[in-house]
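A quick note: this is a predicted structure, and the numbers were derived from the prediction, not measured. Reminder, nothing fancy here: chain letters follow the sequence lines and each chain counts from 1.
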Amino acid sequence: MSLSTKYNPGDVEGKWYKQWLEKGFFSATVKPQKEPYCIVIPPPNVTGVLHMGHMLNNTIQDVLIRRARMLGKEACWVPGTDHASIATEARVVAMLREKGIKKSDLTREQFLEYAWEWKEKYGGIILEQLKKLGASCDWNRTKFTMDADYYDAVIDVFIDLYRKGYIYRGLRMINWDPAGKTALSDDEVNYRDVQSKLFYINYPIEGSTEFVTIATVRPETIMADTAICINPNDGRYQHLKGKRVLIPLINRSIPIIEDEYVTMEFGTGCLKVTPAHDVNDYELGKKHNLDLIDILNEDGSLNEKAQILVGEDRFIARKKIAKLLEEGGYINKVEDYKSNVGFSERTDAVIEPRLSMQWFVRMKEITKPALENVMNDTIRLIPAKFKNTYNHWMENVRDWCISRQLWWGHRIPAWYNEAGECVVARTEEEAVAQFKANNQKANSLKQDEDVLDTWFSSWLWPIAVFDCSVFKDGNKGNTDLNYFYPTNDLVTAPEILFFWVARMIIASYEYRNTLPFKNVYLTGIVRDKQGRKMSKSLGNSPDPLELMAKYGADGVRTGMLFSSPAGNDLLFDEKLCEQGRNFANKVWNAFRLVKGWNTENIVQPVENELACTWFENRRNQAMAELDDHFGKFRISDALMTVYKLIWEDFCSWYLEMIKPGFGKPIDQVTYDKAISFFESLLKILHPFMPFISEELWHELRPRTEREYIIVAEWPAAMPFDTGVLNKAAFIFEAITEIRNTRNASNLSPKEPLKMVINNNASLKDSSFLAIIKKLGNISEIQFNQPAAPGSINFVIQSTEFSIPLNGKVDAGAQREALQKEIEYHRGFLTAVNKKLANERFMNSAPPEVITMEKKKKTDAEAKINALEKSLSEL
RNA sequence: GGGAUGUUAGCUCAGUUUGGUUCAGAGCACUUGCUUGACAGGCAAGGGGUCGCUGGUUCGAGUCCGGUACAUCCCACCA
């Protein structure tokens, strides 16, 4: 046998992927007679490189798509990348910095030229990496969220929503990143507990020598205060109502206002109100008509409105002002305080709440169908527990800030004239026309400098990959869109359930008036063994490409799937890949065994006939389990079903049963059966392990030009006979008992044993015996003989077995073990007897349960009998 | 602060909807014995859990109800 004892994935993976591509097996087209099955990939960042999260996510998608393809559906997996405005722009800025170029020295056009150049060079590396894991995407359909037609679609949607009144421009308190000088959505802000100080500051009351003490963690913002607020029900402060106070250091007079918003228990019960620099204060300011005083520049330094410390950074200003207040005698006390501070996800700078003109999507109304259709399971979330979180988010949805102060992205189609008036238009010409129609000046127009939030383009993804014009012109009969949409399954991480999934659903109901996909499979997060999230900074993330080089793509794929039920985080351990690789090796060696047999036209032995009948039934049973698991998106369980069917049932039992003796031939009938079983196993293995299954498929027998396993037919569901399976279970149990007896008695498996069977004469002529003899290495079976002294006895389904050991064993140890076992069964029997003696149990339990208890009793009694017999014969 | 989910073998998880033969399971890990003519990346056998804790309902609770502890996640972001 020239085949290596080990499977070498490196030899075969590239070969098959290339052939699959060449034969066009991945590409999908409209075929009205076939049922479509479609997945759109969650587009990875164009700057991305493959990490373990992608590995898990895309393996699951590939499993689903490959199975659908084999089920005869027109399987379409659409790949692509996301322009990822913030991430990509940051990468380009960093790249330019290395070349000594500052973004601020470039014009927008120059910068974008660099960005595109960079994208052409490095963008899409990740798509090449996906091919290594076997991803069977229809690469002809590869889409990018800034393709020309996609760009237009995004602009069309903006204009359309603006006309419908869903998009507005407004002054709002937003999350400002002073380092990136951009607005961030709420979701791009991470909150962390930070140890800080709580300053108690005295504000002098106007026309009095008394003062009011407030507590704040941000003393540098007192110059922006426009009121002090007390709770009207606060008994301590009734005398302050209607008075005014002076801001320390700058002596500006501000009113004392009343609002129940103030918590009396916190701090002193007096709150300084700074509407320009705090979200809650902003709301309070609006309610009480307070002035807005913004004392910060874009970069977080103080501006001239602060009057003092102008130009200082906010954190330096905080230290300095604390000192000034101290010197001025305004500090009452300072406490240590732990507060929750927001940080930019991108730059990690402390977020500054800031008032700014931004564009928003009004969410309340537009989200309605998206909420309803998830809650009523039109769109299924898997696992369903995410419905709760989804519901909670959607019911409390806030308007979506969609403008970003960046250059890389879809530029907002808004135009301003010299007077600062604004129109939304696709081009400057259209803008001019609109201004004129409004009787407004239309000279020296300027386009909005901002681009749109990345999610404002990716929420169109499932539609736009098929047709970008649909947002402007409606559906003009694009057959791809009509055929593949709504898509079937979406596989993504729960982290982006709101960012992306919810918004795709919203867009789909808005523009297609239907769902975008039927099922959303939410994967877990890949963590390391200690449960930490994998991250670059921790260096705990293995490189999937290196893993695949080491264990094979099939090994890594199955390794990841072994322990990753939907919604559960995956604690990644390289051992899993090893298990995957070992499985591939097992399959490989099973092939080597079968392939090495010589056939002859001899009569099929009875034991082989039984073995084949059994395995066929067992396989059909497993197939039913498999289909059930897939129907419930239990991918790990599905894999485990295949794993055990192949390893235990096929290799350990079936092949051992039919294995011919060394150098002897196997009968043709059994051999053909074995090959066809092997084929069906390779088929159900294929979605999980595409490469080795394709390799062995071709090794197993000659194939025609287009006969590949990737397009082979998924084995149809077949009935199975539980009677056959039960009979086999009986044989297996007997064999296990025999082996156990050998093990416990230190008898080599090579030494043939004799056996006696009592009270089951029907076994005499059965093919069972042949199998028991073969796998148990039993040389002779006698019937209804008195047990010889020193026998080991056991009972299986009321049949008594006896193995004479002729003094080959240590009687003392044997006796002890037997006594222990007898004791256990006696205890069990007592419990059952007690139950049966309980009148109330006998009266209220259903008859089946009582019958079962009675059977337990007789079984236990038989077992004890047999054991006692063994004991007495020792 | 509000909400959700989870706690079952050393580890990762099934099982809880509909209480009683899938009821105490799986894979990995572990122990013992095997140079077994496919595979030591292997074979065979085995050990291991009072189902977080605590009350209750019931003839009977991993499963239903109350309480409690711990963990994780989501939302909000009280100066």
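By the rule that a glycosidic angle within 90° of 0 means syn, rU5(B) does not qualify and counts as anti.
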Sugar-phosphate atoms are those with a prime plus P, OP1 and OP2; base atoms are the rest. Using that split, label each nucleotide of nucleotides 44-50 of chain B B, S or - for protein heavy atoms under 4.0 Å, 5' to 3'. BSS----
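For rG15(B) and rG62(B), the C1' atoms lie 9 Å apart once the distance is rounded to whole Å. A distance of about 10 Å separates the P atoms of rC28(B) and rC43(B), rounded to the whole Å. Comparing rA38(B) with rG33(B), their P atoms are spaced 25 Å from each other, to the whole Å. Between the P atoms of rA9(B) and rA14(B), the separation comes to 13 Å (whole Å). Separating the C1' atom of rG47(B) from that of rA29(B) is a span of 13 Å, rounded to the nearest Å. If you take atom P in rU31(B) and the same atom in rU22(B), they sit 35 Å apart, rounded to whole Å. Between the P atoms of rG55(B) and rA69(B), the separation comes to 16 Å (whole Å).
Of the candidates rA76(B), rC75(B), rG42(B), the closest approach to any side-chain atom of R398(A) belongs to rA76(B). In this structure, of rG27(B), rA38(B), rG41(B), it is rG41(B) that holds the atom nearest to the side chain of K6(A). The listed nucleotides are rU12(B), rG15(B), rC75(B); the one nearest the side chain of L571(A) is rU12(B).
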According to the Watson-Crick and G-U wobble definition with distances under 3.5 Å, which dot-bracket string, read 5' to 3', encodes RNA chain B, using [ ] for crossing pairs and | for pairs with another strand? (((((((..((((......[....)))).(((((.......))))).....(((((..]....))))))))))))....
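A heavy-atom distance below 4.5 Å is not found between the side chains of D177(A) and E352(A).
Side chains of K6(A) and N585(A): no donor on one and acceptor on the other come within 3.5 Å. For the residue pair K333(A) / T213(A), no side-chain donor-acceptor distance below 3.5 Å is found, with atom types taken as modelled. There is no side-chain donor-acceptor pair under 3.5 Å between E258(A) and Y237(A).
The stretch residues 549-561 of chain A does not touch RNA chain B, since none of its heavy atoms comes less than 4.0 Å from the strand.
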